[in-house]
J.: 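I'd like to ask you about the structure that follows.
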Amino acid sequence: MIYRFLMLLTLLSSNYLIGDLMKPTSLSKDLYSNTILNGNYLDTISHPDNFLDFDYGTRVASPHQIENAIRAYALQSDRLKVIEYGKTHEGRTLFALYISSPENLANLDNIQKSIAKLSDARATSDREAKSLIESLPATAWMAYSIHGNETSGADAALGIIYHLIASKDNALTNMLDNMIVIVDPMMNPDGRDRFVKSLEQYRGTAPNYDDQSLLHSGDWPYARTNHYYFDLNRDWFYLTQPETQGRVPLINKWRPQILVDGHEMGAQDTFMTGPPREPINTNIDRDLIKWGNVFADDQAKAFDDNNWRFYTGEWHEDLYPGYSFYIQFRGSLGILYEQSRMSEDGVRRPEGTIQSYKESVHHQFVSTLANLKTLEKHTKAMYQDFWDGRKYNVSKNSEFANQTFVVLPTENIGRLNTFAKKLQAQDIEIYLNTKPIQTKSALKQTGDSQENYVIPAGSMIIPNLQPEAPLIAAILEFDAEIIESVLEEERRQTLKNGSSIMYDTTAFNLTMMYGLEAVTVQENIQGNLSKWEPSKIDNTINKDALMWAVNGMDDRSVAFAARLMELGIEVRIIDKESILSDQNLPRGSVVVIEMDNPNFENLSSVVGSVASDLSISVVSIDSGFGPEELPDWGGRHFRLLERPQIALMAQQNFSSYDVGVSWWSLDHHLGIRHSMVNGSSVSYGDLTRYNTIIMPSGYQGLSNSEMSSIRDWVKQGGTLIAHNGSSRSLASENGIGSVRQISSTFDKSEAYNMDLQREFGALSVEIDMQKVNENKVDFEVEYPWEVSKNKFNKAQLEMRDKWQSLFMPSGAIVAGRIDNEHWLTFGTVDTLPVLYGNNPVLMTSNNSEAAVRVGQIIENKEATTYRTINWSDMPPNTDLNVKMSGLVWPEASQRIANSAYLTRERVGRGQVILFSGEPNFRGAALGTSRLWLNAVVYGAGLGTSPRIDP
Ligand SMILES: [Zn+2]
């Protein structure tokens, strides 16, 4: 920091030349002469300039500088109370600044209690509500720069804090008597710090107004995201990152009337705010749209007064509940600012003018004050609407009342507990039924209804007649409703321009993301429920046992195996369901056998302590005999694992999101050693250090020599795991292995169909004993591909594929059918929801395995013959469910039906594992993430030839 300070001093002072660098001819700080902080201020509060090495607003304040100012202001002002609500991965503090009159600040606990009362209409009467509304101050949560390289918001926040605590203006102090402003000045300090560093690194002498320069763009992994390259503005209900985990529960406690979220957008844009356009999630209270317009109107007037350009709506939609608009499902008004990005120096526009950074800070500052004034005017009416909404949510006549979400019992205790924690962090009330419950009918995740459905005992019951009904509906309903006019517009745009009006995924159902089986019941289930509690963990260890085992359905069993192997313990996995010492062990259960580890001291206590770190139950087993046909410990179903030595490819050409979430998944789910390596090191590095290489999405440009060094490494026993874009490269003619993308298979489509028919045949074997025992040749043998009616030739298939590929989903959930004997599918449900976007459509032939395919097979008695979908035939009496949630056009369903989502192929002594999509998407796709964990931790042992030391 000192270095930076000195450098700036010399750069900016006009008399100096450093070494042989020339003095610049102009300085960007002179571009904009308006003063942002133009009030009449107390001199007991330090002006922001005191914490900066430049004039306030002219450059990007570092997280460190902002933090220094916050800590100083906490001591200087009685209008301020500073809360630390979390720490980032890199150890930076996350602050919320409560700014109000000293009286209000002394009374925060009571105010919060009143807000809680006003939020639960089951416990509060209209009369009480009326008096609460009269007495409550207005509340505003003003949050900035959740994307680290969108810097102007946090700079504005610094000025806002100063302005609110230092102003002598009566109107402002009066406002604070009746309002609590909570400033969340810098939502992503790790990302911001990355950007500040890149500004330092790419700074030359003269200012740079070219938005294509590195000074403006920064470089990989870019600074939008947090430490693990997560987009924090997609994490509001997935709650995977410490920033969100600290912030959201605090916001939920305060239920601010407005939540402002200050961003930046493309450099050549202007300023966008105001209510969104369709699609808007139908669970949002429409009163909020009305209020959105009221706020936008006042803000627009403030912009008009300054001669500043702006717009509302346009690309701003609101279907996905994981943006900051999350709070709208809880009755608060969300207000988005999108300021064009200036990156310090300013940006030259097509008309030749330069928009300065300081002006962009000023826009956010003026918007903030305008919004606070509007809130001051309308707070009581907004509280009234809020109260009406809260009453509606718990009313028997609401659209939510007769609906209950049910998560079916599972042995995957770790995942279920995580799911419960996410719901509880959002004030969602969850229950347990100890006895079965009879219902009229239930809707399943695949869209089928079942009459007279009985909810099994031990399910998690979430009645939607409760205060957070709209939020619950938004994240647990199987399909978000998209209105017809939006679908028409989407289809029109798709056909005309190949573009989409959907800004994010159209599917986000939390049970499906988690791969937990669930049903929706169209009635309000209330009776005979107890509060849901996590099941008890038992990891008492009998140290004299033959072996110790953990249940393979539980995701934490994978971490258990990985962590033990890292400690040098030999670990086995049982690849077939078994019963040992009366303990039921599903396939994928992990065992540690004393005899495998004769020289390991304290084996039983290490096993016990690893299990207790992971909160997973362990069973001690005295006998290796499995009754009847079940596996015994000396047989081939007790398979020895091999410690994964992992390299994760990163840097240029890889999607930073997919690299980041893969990295986070290794650290978060496993916590074992691994190396993140530069992707280009495949051509010069020593790959033999690793037995497992992960290639996140993105790599399109492997050279022939890079491809051949990876191929050689695989042949010598490596496990290569690739995602999405990288799978696309590997499934090409000069890739590795025989998996192909669909577009290159149409001349062999009958062979692919034949392989598929073998799979179908094996799924439902029916034998005619008389025919089997017949000695004469049967002239009537039926061959599936000959019986099928509709056949398409290569040209037709190509035409169809071209057309269908226009309609690929922009993020929807489709049904995956698993091969339930494959080790890659340990711990997954039979119909696995899979997030699918514009993925490579993968085709396996008989050399390669499809561990997961697209489409759930269901019975259809009316289908009496084989029916054809593009290249594949569906046998008689079957139908195929593809869509589970979100927008999947019928054309897309046809295109991806029966293709592979996850493939595995032996190549030499090693193997290639391809995911069509990104299995760990946003750290929230726990269903497919389990497939990936299986690949990473078990791949080296189960899928490659074992190495025996000579
Ligand atoms: Zn943003």
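Remember, it's 1-based here, ligands and their atoms both numbered in the order they're listed. As the structure is a prediction and not an experimental result, all values here were calculated from the model.
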J.: Is Thr93 close to Lys87 at the side-chain level, that is, under 4.5 Å between some pair of heavy atoms?
T.: yes
J.: Looking at every heavy atom in both Glu150 and Ser145, which two are closest together, and how far apart are they?
T.: O-OG, 2.8 Å
J.: For the Zn ion (ligand 1), report each protein N, O or S atom nearer than 2.8 Å, sorted by chain and then by residue number.
T.: His147 ND1, Glu150 OE1, Glu150 OE2, His263 ND1
J.: Apply salt bridge (charged side-chain N to carboxylate O under 4.0 Å, His left out) to the pair Arg492 and Glu489, showing each step before the final yes or no.
T.: CA-CA 5 Å; Arg492 198 182 70 79; Glu489 179 61 12; 3.1 Å; yes
J.: Does Phe95 have its ring centroid less than 6.0 Å away from the ring centroid of Tyr85?
T.: no
J.: If every non-hydrogen atom of Asp427 is compared with every non-hydrogen atom of Glu468, which pair is closest and at what distance?
T.: O-CG, 3.8 Å
J.: Are side-chain heavy atoms of Glu278 and Ile501 found at a separation under 4.5 Å?
T.: no
